[in-house]
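Here's the structure we're looking at; comments come further down.
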Amino acid sequence: MMKTYVLNNKVFFAFILLLNLNLLPLFSQSKNKIPDWYEHKEVVYPSEFYISAIGEGITKEEAEIKAVSQISLFFNTTTQVVNDLIKTYTEIDDDKNYQFSQSTKITERSKINSSAEFFGVQFDTCFYLDGKYYTLAYINRESAFDVYNQSIKTNTAVLESLLFVAEDYNNPILGIEAAEKGIPIADLTAELLKMARTVKKVNDNYFSQTESCIQRIYTALEICKQSLVFTLTVENDYENMVYLTLSDLLENNGYVLSQTDGVCSIPVKIKVNKEETSAGIFLYCGISIEGKTGTGKSFFSYSREFPKKGAKSESFAYIRAFQEIQKELENSFIQEFNAKIKN
């Protein structure tokens, strides 16, 4: 009786061991269950509604990176920095705008992203199989389009505000400033348009207003640059000394001067106070320079006062005084003018 009891226990424990060995693969298979999308991606994520791609790697992160890299091919883009790839695919801030104060000074409220980004990239379940991790990245076409479309509308409003100034060709100074601020926004918006059309088919005229703004900002920049012609006049000059100095400085820095076709004007006034004594003739000089748009608005000002210069003869006194003016113009005028126009 005792012998039978021991035998039954042996059989019982052997049965339990065998049962565990048989169930172990089942538990392992349950833990690494292969998702339906691995073999039936089009069924789970139909291309009509999703852009999807499968990635694999020795780590979960590498699998995600490769999946997103595959999605990037749909947009004709490439990934640049692998380590930062996942961080890159986040929604950009919609709070970007340019506004103009009453003096039409352009103020940048927030930085515009330098390149378009993917929106709404999500990942399905990651699983492990045969030494590798697998995951699926996907974009819901309709949701992504809504985000792209909203960003395009925001950027279009920005471009329209900039064009209001850029297309005022009587003021090419502010026009160039506005257009140059609009170029990176136009480039970004062009990329957003490509991505929006990738995720959803729309008719050719759907984004016509935006495409017109992109083209107009480039056209406005070229016209403003061509319109940036200055008429230089100098009042109370001596032997054209100041005029020749200023014209050389301006033309050597790429500015176009014209006596008849200038849209902008640079009127120069020289003040001369003469003092005659037994020692000779002394001159107290000052200069004021202003830059004006085609509508007469001032965009630049420059002024200097000079110590007295004298000589026995009046002509030599003028030469010495105006040489001092020339020296100061060469040292400071063009730097200040460039800072206003080119920066």
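Excluded from the calculations below are hydrogen atoms, water molecules and symmetry mates; all remaining heavy atoms, backbone and side chain alike, are included.
- Between the Asn170 side chain and the Gly294 main chain, no donor and acceptor come within less than 3.5 Å of each other.
- In this structure a side-chain-to-backbone donor-acceptor pair under 3.5 Å is missing from Thr293 to Cys264.
- Side-chain N/O atoms of Tyr134 and Asp124 include no donor and acceptor closer than 3.5 Å.
- Of all non-hydrogen atoms in Ser151 and Leu192, the two that sit nearest each other are CB-CD1, 3.9 Å.
- Annotation: side chain of Leu228 is not in contact with side chain of Val263 (no heavy-atom distance under 4.5 Å).
- Lys309 is not listed as a side-chain neighbour of Leu283, based on a closest heavy-atom distance of 4.5 Å or more.
- Other residues sharing the hydrophobic cluster of Val229, ordered by chain and number and joined by side-chain separations under 4.5 Å: Val256.
- Minimum interatomic distance between Asn236 and Ile270 (heavy atoms only, all atoms of both residues): ND2-O, 2.9 Å.
- A cation-pi contact, defined as under 6.0 Å to the ring centre and within 45° of the axis, is absent between Lys340 and Phe300.
- A distance of 4.0 Å separates CD in Glu275 from OH in Tyr284, rounded to the nearest 0.5 Å.
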Between side-chain atoms of residues 46-57 and protein atoms elsewhere (two or more places apart, or another chain), which donor-acceptor pairs fall under 3.5 Å?
residue, atom, partner, partner atom, Å
Ser47, OG, Glu42, OE2, 3.2
Ser52, OG, Lys41, NZ, 3.2
Glu56, OE2, Lys132, NZ, 2.7

Point to revise | Residue pair Phe230, Phe337: steps toward the ring pair (Phe, Tyr, Trp, His ring centres under 6.0 Å) verdict | key: CA-CA 13 Å; Phe230 298 92; Phe337 193 78; 5.7 Å; yes

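- In this structure, Val272 and Tyr318 have side chains that are in contact, with non-hydrogen atoms separated by less than 4.5 Å.
- Closest approach of Cys213 and Thr156 over heavy atoms only: SG-CG2, 4.1 Å.
- Looking at every heavy atom in both residues, Thr231 comes nearest to Ser258 through OG1-O, 2.8 Å.
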Practice item. Given side chain to side chain donor-acceptor pair (under 3.5 Å), test Glu336 with Ser332 step by step and report yes or no. Key: CA-CA 6 Å; Glu336 294 185 23; Ser332 62; 4.6 Å; no

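- No side-chain heavy atom of Trp37 sits less than 4.5 Å from a side-chain heavy atom of Tyr138.
- In this structure, Ile281 and Ser313 approach most closely via the heavy-atom pair CD1-C, 4.3 Å.
- For the pair Arg304 and Tyr302, the cation sits on the ring face: its NZ or CZ lies under 6.0 Å from the ring centre, inside 45° of the axis.
- Closest approach of Ala63 to Tyr133, counting heavy atoms only: CB-O, 3.6 Å.
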Exercise for review: Decide yes or no on side chain to side chain donor-acceptor pair (under 3.5 Å) for Thr135 and Glu64, but give the supporting numbers first.
Suggested key: CA-CA 6 Å; Thr135 192; Glu64 290 179 348; 5.2 Å; no

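- In this structure the side chain of Glu328 never reaches within 4.5 angstrom of the side chain of Ile325, judged on heavy atoms.
- Annotation: the span from Leu246 atom CG to Glu330 atom CD amounts to 9.5 Å, rounded to 0.5 Å.
- Checking side-chain atoms of Thr277 against main-chain N and O of Ala279 turns up a donor-acceptor pair under 3.5 Å.
- Here the CD1-CG distance, from Ile34 to Leu129, works out to 5.0 Å after rounding to the nearest 0.5 Å.
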